[in-house]
2 protein chains.
Amino acid sequence: MRHRLKDVAERAGVSVKTVSNVVNGYAHVRPDTRARVEEAIAALNYRPNLSARNLRKGRTGVIALAVPELDIPYFAELARHVVTAAAELGWTVLIDQTGGAREQERVVASGITDHLIDGLIFSPLALTADDLVNLDGTPMVLLGERVDHGPADHVVIDNVAAAREITAHLIGLGRRRVAAIGSQRTPEGASARLRLDGYRAALEEAGLGYDEALVAPAPVWHRADGAVAMRHLLDSGVRPDAVFCFNDTLALGALRALYEAGLRVPEDVAVAGFDGIEDGRFSVPTLTTIAPDKERIARLAVELLANRIDGDRSAPARELSAPYRLEPRESTLGR
Amino acid sequence: MRHRLKDVAERAGVSVKTVSNVVNGYAHVRPDTRARVEEAIAALNYRPNLSARNLRKGRTGVIALAVPELDIPYFAELARHVVTAAAELGWTVLIDQTGGAREQERVVASGITDHLIDGLIFSPLALTADDLVNLDGTPMVLLGERVDHGPADHVVIDNVAAAREITAHLIGLGRRRVAAIGSQRTPEGASARLRLDGYRAALEEAGLGYDEALVAPAPVWHRADGAVAMRHLLDSGVRPDAVFCFNDTLALGALRALYEAGLRVPEDVAVAGFDGIEDGRFSVPTLTTIAPDKERIARLAVELLANRIDGDRSAPARELSAPYRLEPRESTLGR
DNA sequence: CCTGGTTTGTACAACGTTGTAGTCAACGTT
DNA sequence: AACGTTGACTACAACGTTGTACAAACCAGG
């Protein structure tokens with residue numbers, strides 16, 4: 001049985017609005033009145049109807065987080081932090097899975113969730129800036145760099161610098177044939193492009209040539225794709241002595257393929273990933289990676305969104321950068 | 001700029017209700033009227049206000065999924081399937097993280113999400129049947145077996161039989177000192193209790209004694225806890241030749257600890273897990289596990305909830321069982 | 001050409017909440 | 001004693017939608 005303000009009001013012998021005032025913490029309510037109302041609220045187990053409140057206020061208290069897939073650990077970990085950060089500001093998070101499909105992403109971006117959400121935190125894979133023009137004004141914060149300088153707020157990490165740093169780490173270990181796994185030819189694969197740029201920059205800085213044959217594409221970045229790409233590299237006869245995988249799941253797949261091929265990591269081939277997922281701390285061997293500060297990313301995104309929702313919606317788009325850390329582990333250092 | 005039924009009505013030269021009828025597919029609208037209205041809807045990019053619709057209809061089209069932690073792979077994978085299954089029935093899923101804390105779980109169960117959701121799919125860790133009496137009628141489906149025969153619908157898998165089967169698999173390989181990792185003494189740890197029962201049953205069936213010293217507790221079931229428990233077993237000098245871990249993340253931690261101790265898997269110690277998470281297909285070695293049919297679990301849960309929401313709310317609680325499969329891999333079979 | 005039923009459309013109220021405007025009493029100031 | 005100010009509360013309307021009740025236009029059959 002659900003009760004309404006009216007039921008509480010009748011029980012407490014006051015007007016509906018007074019109950020509303022108590023619920024919302026309005027100051028000018030006599031203590032004894034407040035007590036009576038609170039007693040009635042407790043007795044009836046009253047809970048406000050959010051639909052009605054939203055209708056009246058034009059706010060829902062819900063934000064959406066759209067990610068490609070929840071069972072990619074990076075996104076799951078990110079989601080956890082977003083939910084936590086949002087909860088601190090009194091928001092509930094509704095999670096959308098886009099599957100990374102452009103059409104689905106466009107539907108989400110154009111507000112499929114309708115008036116149910118106050119704002120959107122969006123980690124797009126396939127979406128381009130063009131797809132974003134059609135927004136009907138729902139505030140949005142983008143994560144990652146796939147949509148370069150679109151019309152919305154961004155939280156990014158410096159993919160180029162991070163990729164360069166981890167590639168330099170491999171080179172610093174004395175490796176000379178450093179492969180890369182995860183390149184993408186599609187115009188949407190901006191993260192892949194940036195990480196490839198960083199990889200290339202590090203090679204050139206070290207005076208090593210860029211060799212197309214050492215770069216293996218991966219249309220999707222799952223474990224299985226990493227394993228396939230690694231096998232492909234080994235079969236092609238190029239014999240790398242190190243691999244930089246553009247994310248951690250690719251790297252875990254690559255580790256698996258190397259194990260199956262009877263190669264030792266890092267003695268024969270050093271392996272590095274990107275994302276800093278929890279798995280990498282327990283894999284055999286543990287995985288060297290670039291660990292973006294996910295908590296910070298989530299917090300910045302939520303704060304940007306809050307500013308946009310509560311503040312000036314026509315203010316120019318902001319771009320904030322989150323820090324990352326190189327975490328060297330067994331897959332490059334050995335035990 | 002957001003438009004309302006009224007705006008569309010004015011543009012099409014009809015009443016608000018007629019637009020509403022078009023939007024809701026009401027049959028008796030003349031084709032030319034319908035066309036005019038649809039033109040206006042398209043021109044204004046009209047989207048219904050869900051808060052208002054919900055207020056009027058008493059339905060929100062949103063269900064919640066409450067899980068302990070999203071970055072435990074099992075729950076992330078489950079969440080993905082629930083989101084997919086719900087989408088097919090036109091529902092949006094709101095994901096709640098309870099952290100497995102009893103207080104938080106109670107808050108969620110008692111309807112923190114208020115009138116925003118039509119129903120709840122709940123995978124509780126710490127909650128007991130007593131905590132569930134206070135529901136204000138929001139339909140709920142429980143996953144797992146932590147709350148035995150509570151007042152709500154359940155989707156379960158046969159934990160005892162599954163645990164017995166995988167333990168028997170270890171024994172069938174000739175192992176005689178089969179340890180277990182993940183027991184819990186708290187009254188809430190029902191899954192742990194059931195899996196321990198299955199483990200014990202398999203031992204007795206094989207004529208092997210149950211040895212308390214071979215059972216390592218793990219208050220939480222993360223990778224790190226599995227590693228700690230495994231180290232503890234090794235240090236205690238009991239020297240198992242196989243380990244059944246009560247979930248896969250514990251098992252991955254155990255694999256890691258065995259690797260650090262210089263022991264070979266499965267030659268020295270065979271390892272088995274429970275949950276069938278994706279990681280287990282790519283770990284070194286790959287992980288033998290019990291794989292519950294998560295897609296089926298999600299689908300059954302969504303269907304049970306749908307029946308409860310649309311149908312008779314006072315019907316007796318139903319309990320459905322989902323199948324599982326033993327998946328033997330390298331961690332017990334070798335390569 | 002009337003009758004009775006169906007089709008197509010409209011007006012109004014209601015869902016539960018909160019913002020605005022207002023009432024009335026108590027208070028302090030001049 | 002008359003005044004404005006403040007505190008405590010209430011009545012009413014509105015948020016955008018849809019169910020109910022009804023009116024008008026249309027159709028078929030006699």
Side-chain angles (χ1 to χ4, degrees), chain A residues 1-38 40-41 44-62 90 111 113-118 136-138, chain B residues 1-38 40-41 44-62 90 111 113-118 136-138:
Chain A
M1 230 331 233
R2 287 236 129 126
H3 296 279
R4 302 155 298 156
L5 281 182
K6 195 176 170 212
D7 304 316
V8 178
E10 277 166 11
R11 189 175 220 272
V14 296
S15 78
V16 170
K17 189 63 215 291
T18 298
V19 180
S20 171
N21 286 339
V22 169
V23 170
N24 291 285
Y26 181 66
H28 302 301
V29 179
R30 262 207 321 263
D32 61 316
T33 310
R34 183 182 298 276
R36 262 202 343 279
V37 170
E38 275 165 353
I41 287 177
L44 298 177
N45 190 28
Y46 167 78
R47 224 70 66 60
N49 180 319
L50 293 191
S51 285
R53 177 179 285 176
N54 298 340
L55 175 59
R56 181 64 238 229
K57 298 232 237 189
R59 289 284 179 79
T60 67
V62 176
T113 33
D114 299 297
H115 299 250
L116 259 189
I117 59 165
D118 294 339
D136 42 7
T138 304
Chain B
M1 228 333 234
R2 287 244 130 124
H3 295 280
R4 303 154 297 156
L5 281 182
K6 197 177 169 210
D7 304 315
V8 178
E10 277 166 11
R11 188 176 220 273
V14 296
S15 78
V16 170
K17 188 64 215 288
T18 297
V19 180
S20 171
N21 286 339
V22 170
V23 170
N24 291 287
Y26 182 65
H28 301 301
V29 180
R30 259 205 325 262
D32 62 315
T33 310
R34 182 182 297 275
R36 265 202 341 279
V37 169
E38 274 166 353
I41 287 176
L44 298 178
N45 189 28
Y46 167 77
R47 224 73 65 61
N49 181 320
L50 293 189
S51 285
R53 178 178 285 176
N54 298 341
L55 174 58
R56 183 62 238 234
K57 298 231 240 192
R59 288 284 178 81
T60 67
V62 177
T113 35
D114 300 299
H115 299 251
L116 257 189
I117 60 166
D118 293 339
D136 42 9
T138 304

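Naming convention: chains lettered A, B, ... in sequence-line order (proteins, then strands); numbering from 1 in each chain.
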Could you tell me how far apart [X] ([atom1]) and [N] ([atom2]) are, to the nearest whole angstrom?
{"X": "A:Lys6", "N": "C:dC15", "atom1": "NZ", "atom2": "P", "value": "7 Å"}
{"X": "A:Arg4", "N": "C:dC15", "atom1": "CZ", "atom2": "P", "value": "7 Å"}
{"X": "A:Asn49", "N": "C:dA14", "atom1": "CG", "atom2": "P", "value": "18 Å"}
{"X": "B:Leu55", "N": "D:dA14", "atom1": "CG", "atom2": "P", "value": "17 Å"}
{"X": "A:Arg47", "N": "C:dT17", "atom1": "CZ", "atom2": "P", "value": "12 Å"}
{"X": "A:Tyr26", "N": "C:dG19", "atom1": "OH", "atom2": "P", "value": "11 Å"}

Would you say the side chain of [Y] lies within less than 4.5 Å of the side chain of [X], judging by non-hydrogen atoms?
{"X": "A:Ser20", "Y": "A:Val16", "value": "no"}
{"X": "A:Thr60", "Y": "A:Leu50", "value": "no"}
{"X": "A:Leu5", "Y": "A:Tyr46", "value": "yes"}

- Run the numbers on B:Glu38 and B:Val22 for side-chain contact (heavy atoms from CB on, under 4.5 Å), then give the verdict. CA-CA 8 Å; B:Glu38 274 166 353; B:Val22 170; 4.1 Å; yes

Return the [atom1] to [atom2] distance between [X] and [Y], rounded to the nearest 0.5 Å.
{"X": "B:Leu55", "Y": "A:Arg56", "atom1": "CG", "atom2": "CZ", "answer": "12.5 Å"}
{"X": "A:Lys17", "Y": "A:Asn24", "atom1": "NZ", "atom2": "CG", "answer": "8.0 Å"}
{"X": "B:Asn54", "Y": "B:Asn49", "atom1": "CG", "atom2": "CG", "answer": "8.5 Å"}

- Message: Holding to salt bridge (charged side-chain N to carboxylate O under 4.0 Å, His left out), I want the full list of residues that pass it with B:Arg34, two or more places apart in sequence or in another chain.
- Response: none

- Using both distances under 3.5 Å as the test, list the Watson-Crick or G-U wobble partner of C:dT29, or none. D:dA2

- Message: Does anything in residues 28-37 of chain B come within less than 4.0 Å of DNA chain C? Heavy atoms only, and list the residues if so.
- Response: B:His28, B:Val29, B:Arg30, B:Thr33

Under 3.5 Å between N/O atoms: give me all the protein pairs with nucleotides 18-22 of chain D, atom names plus distance.
| unit_1 | atom_1 | unit_2 | atom_2 | d |
| --- | --- | --- | --- | --- |
| D:dT18 | OP1 | B:Asn24 | OD1 | 3.4 |
| D:dT18 | OP1 | B:Asn24 | ND2 | 3.2 |
| D:dT18 | OP1 | B:Arg53 | NE | 2.9 |
| D:dT18 | OP1 | B:Arg53 | NH2 | 3.3 |
| D:dT18 | OP2 | B:Ser20 | OG | 2.7 |
| D:dT18 | OP2 | B:Asn24 | ND2 | 3.4 |
| D:dT18 | O2 | B:Arg56 | NH1 | 2.5 |
| D:dG19 | O4' | B:Arg56 | NH2 | 3.3 |
| D:dG19 | N7 | B:Lys17 | NZ | 3.0 |

- Message: Does D:dC9 have its OP1 or OP2 closer than 4.0 Å to a side-chain nitrogen or oxygen of A:Ser15?
- Response: no

- Distance-minimising heavy-atom pair for B:Ala12 and B:Ala40: CB-CB, 4.1 Å

